[in-house]
Amino acid sequence: MGEIEVNNFSLKYTIESGQFFRYYPIDGWYYIVSRNNVFKIKQEDNKLIYEGDCNEFFIREFLGLNDNMDEFIKFAKNKDLNKFLEKYPGIRIMKQDLWQCLVSFVCSSASNVKKIQLNLNLLSQYFGKQIKYDNKIFYSFPEPRSLNDLEKLKEAKTGYRANFLFNINNMVDETFIRNLRLVKYEKAKEILTSLPGVGEKVADCVLLFSLGHKNAFPVDVWIKRMMEELYFSGEKTSIKKIREFAEEEFGEHCGYVQQYLFHYGRMNG
DNA sequence: CTCCAGGTGCTTG
DNA sequence: CAAGCACATGGA
């Protein structure tokens with residue numbers, strides 16, 4: 001059991017803002033599965049309470065607690081984006097396990113949060129290890145190279161994404177992942193999009209939610225709508241134009257702007 | 001039963 | 001480039 005004092009932070013909005021999928025709300029806690037680690041965490045006012053296979057250092061990085069929000073809040077006010085921060089305050093960009101993040105967002109294409117969670121739960125049951133914690137059964141996230149059975153991938157209801165996952169599984173290992181951490185944004189994006197089933201959007205999600213590139217700006221249908229509404233007087237605008245605009249307008253704050261707009265759009269859409 | 005969902009890849013103008 | 005379409009499958 002440990003405690004961490006936090007400010008400008010909401011565990012609920014961070015966990016539930018669609019960047020991470022393997023969480024289970026039980027008895028007032030969020031049970032979290034990150035690769036082989038299972039732990040539980042809850043927030044009471046400005047206090048985070050955690051227990052299980054984790055430590056303070058990990059939690060701080062995982063939940064983005066080390067990010068300095070003052071600068072972003074100032075930036076957002078300047079750009080007249082207050083309303084999105086005030087509606088769901090305390091969202092942070094998480095820093096997730098890369099492999100788990102990659103597989104998650106490959107599953108996300110033409111899908112929805114609930115189904116993504118179904119896919120990940122089944123994949124973990126079929127390819128992961130059973131972990132008992134608090135008298136409950138969880139399944140670790142499958143290791144790279146372990147998604148090696150196409151039929152089982154299909155049984156996990158991944159549909160047409162099964163082939164993508166099968167091929168990615170053959171292309172990605174720990175060395176591949178280590179290298180990804182060493183290179184800059186552009187190069188990492190180039191490497192990621194060379195994987196089957198990984199386009200610019202999925203790549204940007206991994207770059208943002210796992211590799212910490214806060215200048216990434218994943219453009220999905222929600223962000224597209226929000227951006228068209230806010231900056232293109234409601235006119236249909238190509239994803240390419242939206243991304244270019246965001247890069248120019250938000251720069252290093254792209255990732256945070258995206259996450260606040262996304263959550264707002266999804267909750268009020 | 002039909003339509004759509006945190007897209008991607010492939011094919012055509 | 002931009003537009004159109006197929007791709008599996010659960011849920012509304």
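Basis for what follows: all heavy atoms, side chains included, without hydrogens, waters or symmetry-related copies. The structure displayed is predicted, hence computed values, not measured ones.
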Applying a 4.0 Å non-hydrogen cut-off, can you work out what [X] is touching in the nucleic acid: base, sugar-phosphate, or nothing?
| X | answer |
| --- | --- |
| E155(A) | nothing |
| V202(A) | sugar-phosphate |
| I239(A) | nothing |
| R161(A) | base |
| K201(A) | base |
| V219(A) | nothing |
| S17(A) | base |
| Q117(A) | nothing |

Exercise for the section: Mind checking side-chain contact (heavy atoms from CB on, under 4.5 Å) for R225(A) and listing every partner two or more places apart, or none if nothing turns up? Expected result: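 If we apply the side-chain contact (heavy atoms from CB on, under 4.5 Å) test to R225(A), skipping adjacent residues, the hits are V221(A), W222(A).
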Exercise for the section: Considering only atom P, compute the distance from dC3(B) to dC5(C) and round it to an integer number of Å. Expected result: 14 Å
Handout entry: Single-linkage hydrophobic cluster, 4.5 Å side-chain cutoff, F217(A) and L81(A) together
Key = yes
Exercise for the section: Could you tell me whether a side-chain N or O of T158(A) sits under 3.5 Å from a main-chain N or O of L153(A), the two making a donor and an acceptor? Expected result: yes
Parallel, tilted or perpendicular, as decided by the 30° and 60° cut-offs, for the rings of [Y] and [X]:
| X | Y | result |
| --- | --- | --- |
| F250(A) | F75(A) | perpendicular |
| F62(A) | F58(A) | parallel |
| Y264(A) | Y88(A) | perpendicular |

Handout entry: Leading and trailing nucleotides of DNA chain C with any atom under 4.0 Å from heavy atoms of chain A
Key = dA2(C) to dG10(C)
Problem - Closest-nucleotide ordering on DNA chain B, the 5'-leading residue of F164(A) and I223(A) - result: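 It is I223(A), whose closest nucleotide lies nearer the 5' terminus.
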Handout entry: Presence of donor-acceptor pair under 3.5 Å, side chain of Y160(A) and base of dG9(B)
Key =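 Such a pair does not exist between side chain and base.
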